[in-house]
Amino acid sequence: MKIIRQIDVFDNKTERLVDEILLSDLDLEEVKKIIQPEESDPALYDCYEITGSLKEYFESLGFSFKENKYSYYLCCYQDFE
């Protein structure tokens, strides 16, 4: 089983998923410092909306966000291949 982390992009008007941006080099420990997850989610398996400090972190990595048009979420999936 492989863990896949990505940014899911949703259209604000339709709430439909419009893009999935694979995060192959995500520094999980750095992101955990920003998110400060609940004890029940120590590996960040839940989805987290990318706003505030988390948005600033991704922007520092070169990502840009069109918040007036889209909503962005850090998500995690399992690949059983």
Side-chain angles (χ1 to χ4, degrees):
M1 173 180 71
K2 181 179 177 182
I3 301 297
I4 298 171
R5 296 187 192 281
Q6 64 188 36
I7 296 175
D8 286 355
V9 183
F10 292 89
D11 183 282
N12 286 339
K13 289 183 181 177
T14 65
E15 297 184 358
R16 290 185 178 207
L17 180 67
V18 294
D19 198 5
E20 297 172 323
I21 304 166
L22 183 63
L23 300 170
S24 56
D25 295 326
L26 182 68
D27 184 341
L28 187 59
E29 293 306 313
E30 189 67 28
V31 172
K32 285 169 62 173
K33 290 177 190 174
I34 297 167
I35 293 176
Q36 300 178 343
E38 300 288 328
E39 281 186 35
S40 61
D41 189 29
L44 301 180
Y45 290 146
D46 292 340
C47 288
Y48 294 89
E49 187 170 9
I50 298 175
T51 61
S53 297
L54 187 57
K55 177 181 170 267
E56 291 172 7
Y57 170 78
F58 282 112
E59 287 175 334
S60 75
L61 297 176
F63 290 90
S64 61
F65 300 97
K66 298 177 182 175
E67 296 172 282
N68 60 332
K69 191 169 185 178
Y70 303 108
S71 295
Y72 302 85
Y73 292 84
L74 173 62
C75 294
C76 180
Y77 300 98
Q78 297 176 352
D79 184 2
F80 294 100
E81 292 184 18

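If you read the sequence from its start, that first residue is 1, and numbering goes on from there. The structure presented is a predicted model; accordingly, all values stated were derived computationally and were not measured. Note that these values count all heavy atoms, side chains included, but never hydrogens, waters or copies made by symmetry.
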Going through the checks in order, is the side-chain hydrogen bond (donor to acceptor under 3.5 Å, both in side chains) test met by Tyr57 and Asp27?
CA-CA 11 Å; Tyr57 170 78; Asp27 184 341; 5.1 Å; no
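- By the 4.5 Å heavy-atom criterion applied to side chains, Arg5 and Leu28 are counted as neighbours.
- Salt-bridge check for Glu29 with Lys33: failed, with every basic side-chain N at 4.0 Å or more from each acidic carboxylate O.
- In this structure, the separation between CG on Asn68 and CG on Asn12 is 8.0 Å, given to the nearest 0.5 Å.
- With Tyr73 as the partner, the ring-ring contact (aromatic ring centres under 6.0 Å, His included) test is satisfied by one option alone out of Phe10, Phe65, Tyr48: Phe10.
- Around the NZ atom of Lys32, the shell of radius 6.0 Å holds more than 12 heavy atoms that belong to other residues, nucleotides or ligands.
- Leu23 and Leu17 fall into different hydrophobic clusters, where Ile, Leu, Val, Met, Phe, Trp and Tyr residues are linked whenever their side-chain heavy atoms come under 4.5 Å apart, directly or through other members.
- Put simply, the side chain of Ile3 reaches to within 4.5 Å of the side chain of Gln78, judged on heavy atoms.
- The environment of CD in Glu30 is crowded: more than 12 heavy-atom neighbours from other residues, nucleotides or ligands sit within 6.0 Å.
- In this structure, the separation between NZ on Lys55 and OG on Ser64 is 9.5 Å, given to the nearest 0.5 Å.
- Going from atom CD1 of Ile4 over to atom CG of Leu26 covers 13.0 Å, rounded to the nearest 0.5 Å.
- Residues Phe63 and Ile50 form no side-chain contact, since every pair of their non-hydrogen atoms from C-beta on lies 4.5 Å or further apart.
- Two residues are said to be in side-chain contact when any heavy atoms from C-beta on lie closer than 4.5 Å; Asp41 and Ile35 fail this criterion.
- Counting heavy atoms from C-beta outward, Asp25 and Leu61 have side chains that stay 4.5 Å or more apart.
- The distance from atom OG of Ser71 to atom CG of Asp8, rounded to the nearest 0.5 Å, is 11.5 Å.
- In this structure, Tyr70 and Tyr72 have perpendicular ring planes: the angle between them is above 60°, well past the 30° mark.
- In this structure, Val18 is a member of the same hydrophobic cluster as Leu74, with clusters built from ILVMFWY side-chain heavy atoms closer than 4.5 Å.
- Looking only at side-chain heavy atoms (C-beta outward), Gln6 and Ile21 stay at 4.5 Å or farther from each other.
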